[in-house]
Amino acid sequence: MGCMFSHLAAKFAFFPPSPPTYGVKKREDGKLTVVSTTAAPPSMAISCSDDDNSFDVLMIDTKRGNKIVAFYLRNPYARLTLLYSHGNAADLGQLYDLFVQLKVNLRVNLMGYDYSGYGASTGKPSESNTYSDIEAVYECLQTQYGVSQEDLILYGQSVGSGPTLHLAAKLPRLRGVVLHSAILSGLRVLCHVNFTFCFDIYKNINKTEGEMPVLVIHGTEDDVVNWLHGDGLWKMAKDPYDPLWIKGGGHCNLELYPDYIRHLCKFIQEMENITTEIRLKKIRQTLKLHKRSSSTSVSTSSMCCEIKCCQPKFPKCSIPKCSTCCWWPKCPACFRPNCGYCCCFRPKCLKCSCCCRRPKCPKCSCSKCSGSCCCCMPCLQWRWCGGGEHSSGINGKHEG
């Protein structure tokens with residue numbers, strides 16, 4: 001049943017342009033090149049010469065048996081690489097001009113790819129296919145271009161936030177993540193629910209545990225994916241970057257606003273300035289926090305001696321670590337406070353001239369009397385064998 005609903009959800013989630021806006025052909029030297037189709041308007045025609053070494057067309061095999069098309073745009077001044085996952089109703093032919101602008105303005109290398117069933121990629125679009133698609137593209141970046149996760153920023157737009165967060169969960173040392181008009185989950189786009197169904201797709205709400213900086217960009221007038229999706233993802237991020245809420249922005253036009261490229265440039269520059277030393281310092285701080293929380297839980301559950309000494313023998317004393325009632329001798333076995341025979345500190349009694357720990361019994365003159373005078377001490381008042389009580393000081397505490 002869940003599988004059937006997932007296939008049904010996929011039909012509503014993916015709208016590849018039909019026919020595709022570009023095609024791929026092989027040149028005489030064996031390299032791939034892009035050709036525009038009749039479906040692409042002249043403004044979207046991909047103009048690149050055969051001698052352009054800054055633009056590569058790739059055909060990548062995925063583990064699910066599909067072949068997907070990817071564009072790699074090289075910037076000679078780049079220090080970081082941007083892996084772009086696009087929305088559900090576009091292909092690479094429509095995004096080429098945007099890729100060129102991002103490459104130049106952000107000063108990054110950029111890798112964009114088409115999901116299975118999009119553009120010139122083979123197969124059919126599905127959630128599981130998009131996951132294998134982005135994994136194959138990342139492997140290509142590693143092996144063919146030498147890109148490590150420390151120098152990689154993942155960018156996910158709309159449905160592309162699904163594979164983006166999927167890969168981010170597998171790469172703990174990513175430089176950063178950008179979520180553009182992102183979704184909490186597929187079902188939450190259609191209706192407001194506070195829990196996740198098993199047949200839901202792109203459960204991004206459960207994938208925000210990464211330690212990398214996360215930039216969220218969303219339009220306040222988005223009528224496809226409400227801006228509350230972006231707000232929810234930003235609040236759940238462990239290292240949220242200053243979000244960009246574009247006032248009046250819709251779902252597919254945020255790139256037209258000047259704040260979009262300005263804020264994105266600021267984010268990229270700050271990610272470039274994050275040195276290895278700073279990243280290691282953040283990781284150490286995170287590990288210290290985890291250690292402190294784990295040690296606290298251990299100390300409250302498995303310390304054999306400390307718990308005994310922390311709990312006073314006087315049932316009416318409401319203070320768990322009362323300095324008047326308890327003291328802290330060391331246990332020779334574990335070097336933790338041990339509740340021994342004389343652990344409880346008792347003040348001197350003016351009337352019976354008792355010692356500071358175990359008062360002498362006026363009836364039997366014994367300093368270690370096992371009667372009721374030695375241990376019974378409700379409200380910090382001494383009792384002795386005669387059955388009476390010594391007078392107490394202010395608020396029931398002894399004077400002296």
Side-chain angles (χ1 to χ4, degrees), residues 9-10 12-15 82-90 94-95 98-99 101-102 105-106 112 115 127 130 134 153-169 174 176-197 200-271:
F12 290 100
F14 303 107
F15 300 96
L82 192 73
L83 176 51
Y84 193 105
S85 301
H86 61 70
N88 68 337
Q94 298 170 325
L95 295 169
L98 174 63
F99 288 171
Q101 293 177 17
L102 293 177
N105 293 325
L106 302 181
Y115 309 125
E127 180 186 13
T130 59
I134 194 171
I153 294 177
L154 301 184
Y155 189 114
Q157 179 191 14
S158 188
V159 165
S161 60
T164 292
L165 289 175
H166 167 78
L167 183 61
L174 269 177
V177 173
V178 180
L179 299 177
H180 174 168
S181 301
I183 63 175
L184 286 169
S185 73
L187 187 61
R188 285 175 171 84
V189 177
L190 303 176
C191 55
H192 298 286
V193 292
N194 295 324
F195 44 87
T196 302
F197 291 94
D200 200 356
I201 64 172
Y202 295 127
K203 306 178 186 70
N204 296 338
I205 193 172
N206 301 329
K207 299 179 181 179
T208 57
E209 67 275 4
E211 301 287 348
M212 69 291 298
V214 177
L215 166 62
V216 175
I217 303 174
H218 217 109
T220 59
E221 301 298 326
D222 193 331
D223 57 354
V224 178
V225 179
N226 192 282
W227 76 275
L228 292 175
H229 285 250
D231 183 61
L233 291 170
W234 177 71
K235 289 179 179 178
M236 288 185 292
K238 288 187 176 181
D239 188 6
Y241 188 81
D242 293 338
L244 175 60
W245 312 120
I246 298 182
K247 187 175 181 180
H251 189 66
C252 300
N253 63 348
L254 300 186
E255 299 88 350
L256 304 178
Y257 289 82
D259 286 343
Y260 167 79
I261 195 68
R262 188 182 303 120
H263 199 78
L264 202 51
C265 281
K266 179 185 175 184
F267 175 74
I268 296 296
Q269 290 173 1
E270 291 193 19
M271 295 304 102

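Shortest non-hydrogen contact noted between Gly87 and Tyr115 is O-CE1, 3.9 Å. Between Val177 and Ala168, the shortest heavy-atom distance links the atoms CG2-CB, 4.1 Å. Here the closest non-hydrogen pair linking Trp227 and Thr220 is CD1-O, 3.9 Å. Shortest non-hydrogen contact noted between Lys247 and Tyr257 is O-CE2, 4.0 Å. Across all their heavy atoms, Ile134 and Pro163 have their closest contact at CD1-O, 3.4 Å.
Applying the side chain to side chain donor-acceptor pair (under 3.5 Å) criterion to His86, with sequence neighbours excluded, gives Asp114. For Lys266, the side-chain contact (heavy atoms from CB on, under 4.5 Å) partners are Tyr241, Asp242, Glu270, not counting sequence neighbours. By the side-chain contact (heavy atoms from CB on, under 4.5 Å) test, Val159 is found to be paired with Phe14, Asn88, Tyr202, residues two or more places apart in sequence or in another chain being considered. Lys203 meets the side chain to side chain donor-acceptor pair (under 3.5 Å) test with no other residue; sequence neighbours excluded. Asp222 pairs by the side-chain contact (heavy atoms from CB on, under 4.5 Å) definition with Ser181, His218, Val224, Val225, His251, not counting sequence neighbours. Under the side-chain contact (heavy atoms from CB on, under 4.5 Å) criterion, Ile261 pairs with Leu102, Asn105, Leu106, Cys265, not counting sequence neighbours.
Atom CD1 of Ile246 sits about 8.5 Å away from atom CD of Glu255, to the nearest 0.5 Å. Summarising the geometry, atom OG belonging to Ser161 is positioned 7.0 Å from atom CG belonging to Leu233; distances are rounded to the nearest 0.5 Å. Here Arg188 contributes atom CZ and Ile201 contributes atom CD1; the two are 12.5 Å apart, rounded to the nearest 0.5 Å. One distance of note links CG of Leu264 with CG of Leu82; it measures 7.5 Å at 0.5 Å rounding.
Using cut-offs of 30° and 60° for the angle between ring planes, the His180 and Tyr260 rings count as tilted.
In this structure the side chain of Leu215 reaches within 4.5 angstrom of the side chain of His263, judged on heavy atoms. Side chains of Val214 and Asp239 form no contact here, defined as non-hydrogen atoms less than 4.5 Å apart. Put simply, the side chain of Ile217 does not reach to within 4.5 Å of the side chain of Phe267, judged on heavy atoms. In this structure, the side chains of Leu179 and Leu165 come closer than 4.5 Å at one or more pairs of heavy atoms.
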(request) Apply side chain to side chain contact (heavy atoms under 4.5 Å, CB included) to Met236 and Leu184, showing your working. (result) CA-CA 11 Å; Met236 288 185 292; Leu184 286 169; 3.7 Å; yes
(request) Apply side chain to side chain contact (heavy atoms under 4.5 Å, CB included) to the pair Leu254 and Gln157, showing each step before the final yes or no. (result) CA-CA 11 Å; Leu254 300 186; Gln157 179 191 14; over 6 Å; no
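When atom types are taken as modelled, the side chain of His229 and the backbone of Ala182 share no donor-acceptor pair closer than 3.5 angstrom.
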